[in-house]
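Read the structure below first, then the notes.
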Amino acid sequence: MKKDMICVTCPRGCNITVEYEGTNVISVTGNTCPRGEKYARTEIVNPERNIHSTVKLIGGKNPVVPCKTSSPIPKGKIFDVMKEIDKVTVKAPVKIGDVFIKDVCGTGVDIVCTNNDSGK
């Protein structure tokens, strides 16, 4: 089988073609750097995504504070992870890097704060 995709690892946006059978990648063409090949192989074998969201914040300058996954998670876990994020409420003060959820959904990935809020 063949799959055409656009690499998103850098601003170049290379048009990549992956030839594969099941999860066995036979060839990757069109990439101009090694990151493109790695991205294409991951997309076929085990696609991953980063999540950026917000959690509710009590006593903060804002009603929510931004957060993200500390590293990519399996694409198939996105909705489960979002359900867990939606359950979280934290109290100010919070700072960048605070862990809101450790090992979310058994992925080994944490949900971390991406902004400071010292409170009202």
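As the structure is a computational prediction, the values presented were derived from the model and not from experiment. Keep in mind that the numbers below use all heavy atoms, side chains included, and drop hydrogens, waters and symmetry copies.
- By the side chain to side chain contact (heavy atoms under 4.5 Å, CB included) test, K83 is found to be paired with no residue, residues two or more places apart in sequence or in another chain being considered.
- Taking K87 as the reference, E84 meet the side chain to side chain donor-acceptor pair (under 3.5 Å) condition, with sequence neighbours excluded.
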Ignoring hydrogens and angles, write down the donor-acceptor pairs under 3.5 Å from the side chains of residues 97-108, residues two or more places apart or on other chains.
from : atom 1 : to   : atom 2 : distance (Å)
D98  : OD1    : K95  : NZ     : 3.1
D98  : OD2    : K95  : N      : 2.9
D103 : OD1    : T107 : N      : 3.2
D103 : OD1    : G108 : N      : 2.4
T107 : OG1    : V104 : O      : 2.7
T107 : OG1    : V109 : N      : 3.2

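- Heavy-atom minimum distance, C7 versus G36: SG-CA, 3.7 Å.
- Residues meeting the salt bridge (charged side-chain N to carboxylate O under 4.0 Å, His left out) test with E48, sequence neighbours left out: none.
- N24 meets the side chain to side chain donor-acceptor pair (under 3.5 Å) test with no other residue; sequence neighbours excluded.
- In terms of heavy atoms, I44 sits closest to M5 at CD1-CE, 4.2 Å.
- The nearest pair of heavy atoms linking N116 to I96 is OD1-N, 2.8 Å.
- Hydrophobic cluster membership for I58: none, as no Ile, Leu, Val, Met, Phe, Trp or Tyr side chain comes under 4.5 Å of it.
- If you chain together ILVMFWY residues whose side-chain heavy atoms come under 4.5 Å of each other, I26 ends up in a group of its own.
- Interatomic distance, I85 CD1 to M82 CE, rounded to the nearest 0.5 Å: 5.0 Å.
- Not a single side chain to side chain donor-acceptor pair (under 3.5 Å) links T29 to another residue, sequence neighbours left out.
- Contact between C14 and G30 at its shortest, heavy atoms only, is CB-O, 3.6 Å.
- Annotation: side chain of V18 is in contact with side chain of I16 (closest heavy-atom distance under 4.5 Å).
- Closest approach of A92 to L57, counting heavy atoms only: N-CD1, 3.6 Å.
- Here R12 pairs with T32 under the side chain to side chain donor-acceptor pair (under 3.5 Å) rule; sequence neighbours left out.
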Pair up each side-chain donor or acceptor in residues 60-73 with any protein partner under 3.5 Å, not counting sequence neighbours, and list the distances.
from : atom 1 : to   : atom 2 : distance (Å)
T69  : OG1    : I51  : N      : 3.1
T69  : OG1    : S71  : O      : 3.2
S70  : OG     : D110 : N      : 3.1
S70  : OG     : D110 : O      : 3.4

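- No continuous path of ILVMFWY side-chain contacts below 4.5 Å connects Y39 to I78, so the two sit in separate hydrophobic clusters.
- When the shell of 6.0 Å around CD1 of I6 is examined, it contains 12 or fewer heavy atoms from other residues, nucleotides or ligands.
- Contact detail for Y20 and K2: the closest heavy-atom pair is CE2-C, 4.2 Å.
- Evaluation of the side chain to side chain contact (heavy atoms under 4.5 Å, CB included) rule for K56 yields T89 as partners, not counting sequence neighbours.
- Pairs passing the salt bridge (charged side-chain N to carboxylate O under 4.0 Å, His left out) check and including a residue from residues 31-47, sequence neighbours excluded, read E37-R41, E43-R49.
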